[in-house]
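Heads up, the thing below is written out as structure tokens.
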Amino acid sequence: MSSAPTTATLIIAPLWRRLAAIMYDSIVLLGIWVFTSFLVLAAFGIENAQVAQGSNVFYRYTVFATMLGTAFLFFGWFWTHSGQTIGMQAWKIKVQNADGSAISWLQVAQRYVIAPFALLALALGYLWMLFDAERRTWPDMVSRSIVVMSPHFPRAA
């Protein structure tokens, strides 16, 4: 007999926990971005970083690409290893496949690309779960993954 959880026994994470984890991870990611921006600034020199005047387009796009890359690696590493970012650990939720396995880097990319659109569309991509029979958000549907309550932390009453 298999001990792997089935979709019937999994508790889908509520919207408020997902949004709380997003806020928590945003704070962590902001700190990472400050650090990586400092590294880019140190690499190019402060005199070349006249971003406010727009005189150094290369620097601006380098910082932007670095921010996108570090965010992707942040989410990707956590999601493919434990299924939980720091914010998801704090709010006791986990992203995984329906069979309980870790998501792949392709699924990370799919979630990463669709998540900003799900938020920017007046959060419709996340509010969608309130109307979906399986309680899926747009990132869940596109990546064919689910966000559940962490099995290590049972749902509080």
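This chain uses plain numbering: 1 for the first residue, then up along the sequence.
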Verdict with supporting geometry, Arg111 and Val147, side chain to side chain contact (heavy atoms under 4.5 Å, CB included): CA-CA 11 Å; Arg111 291 186 72 86; Val147 178; 3.5 Å; yes
Chi angles and distances behind the side chain to side chain contact (heavy atoms under 4.5 Å, CB included) call for Gln96, Leu10: CA-CA 11 Å; Gln96 64 185 34; Leu10 296 172; 3.5 Å; yes
Minimum-distance pair of heavy atoms, taken over all atoms of Ser37 and Val63: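 Scanning both residues completely, I find the closest heavy atoms to be OG-CG1, 3.7 Å.
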Smallest separation among heavy atoms of Ser143 and Gln107, with atom names: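 Looking at all heavy atoms of both residues, the shortest contact is O-NE2, 2.8 Å.
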Within 6.0 Å of OH in Tyr24, more than 12 heavy atoms from elsewhere: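 For Tyr24, atom OH is not crowded (no more than 12 foreign heavy atoms under 6.0 Å).
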Leu106, CG atom: more than 12 neighbouring heavy atoms under 6.0 Å: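 Atom CG in Leu106 is crowded, with more than 12 foreign heavy atoms closer than 6.0 Å.
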Should [X] and [Y] be regarded as members of a common hydrophobic cluster, given that ILVMFWY residues are connected when their side-chain heavy atoms come within less than 4.5 Å of each other, either directly or indirectly?
{"X": "Phe74", "Y": "Leu68", "answer": "yes"}
{"X": "Leu30", "Y": "Val28", "answer": "no"}
{"X": "Leu15", "Y": "Phe131", "answer": "yes"}
{"X": "Leu29", "Y": "Ile93", "answer": "yes"}
{"X": "Ile146", "Y": "Leu130", "answer": "yes"}

Checking [X] side chain against [Y] main chain: does a donor-acceptor pair fall under 3.5 Å?
{"X": "Asp140", "Y": "Thr137", "result": "yes"}
{"X": "Arg17", "Y": "Trp91", "result": "yes"}
{"X": "Asp99", "Y": "Ser101", "result": "yes"}
{"X": "Arg144", "Y": "Asn97", "result": "no"}
{"X": "Asp25", "Y": "Gly87", "result": "yes"}

Taking C-beta and beyond as the side chain, do [X] and [Y] meet within less than 4.5 Å on heavy atoms?
{"X": "Trp77", "Y": "Val108", "value": "no"}
{"X": "Ser145", "Y": "Gln110", "value": "no"}
{"X": "Met88", "Y": "Val95", "value": "yes"}
{"X": "Thr66", "Y": "Thr36", "value": "yes"}
{"X": "Met129", "Y": "Arg136", "value": "no"}

Thr70 and Trp33: side chain donor to acceptor below 3.5 Å: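 Yes, a side-chain donor-acceptor pair sits under 3.5 Å.
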Trace of the side chain to side chain contact (heavy atoms under 4.5 Å, CB included) decision for Leu124 with Trp138: CA-CA 9 Å; Leu124 180 61; Trp138 290 355; 4.0 Å; yes
In Å, rounded to the nearest 0.5 Å, how long is the span from [atom1] of [X] to [atom2] of [Y]?
{"X": "Asp132", "Y": "Leu127", "atom1": "CG", "atom2": "CG", "result": "12.5 Å"}
{"X": "Leu19", "Y": "Ser26", "atom1": "CG", "atom2": "OG", "result": "10.5 Å"}
{"X": "Thr85", "Y": "Ile22", "atom1": "OG1", "atom2": "CD1", "result": "9.0 Å"}

Parallel, tilted or perpendicular: ring planes of Tyr112 versus Phe72, cut at 30 and 60 degrees: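 Tyr112 and Phe72: perpendicular rings.
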Check against side chain to side chain contact (heavy atoms under 4.5 Å, CB included), Gln84 and Ser150: CA-CA 9 Å; Gln84 297 177 294; Ser150 176; 3.6 Å; yes
Chi angles and distances behind the ring pair (Phe, Tyr, Trp, His ring centres under 6.0 Å) call for Trp79, Trp105: CA-CA 9 Å; Trp79 287 343; Trp105 279 96; 9.5 Å; no
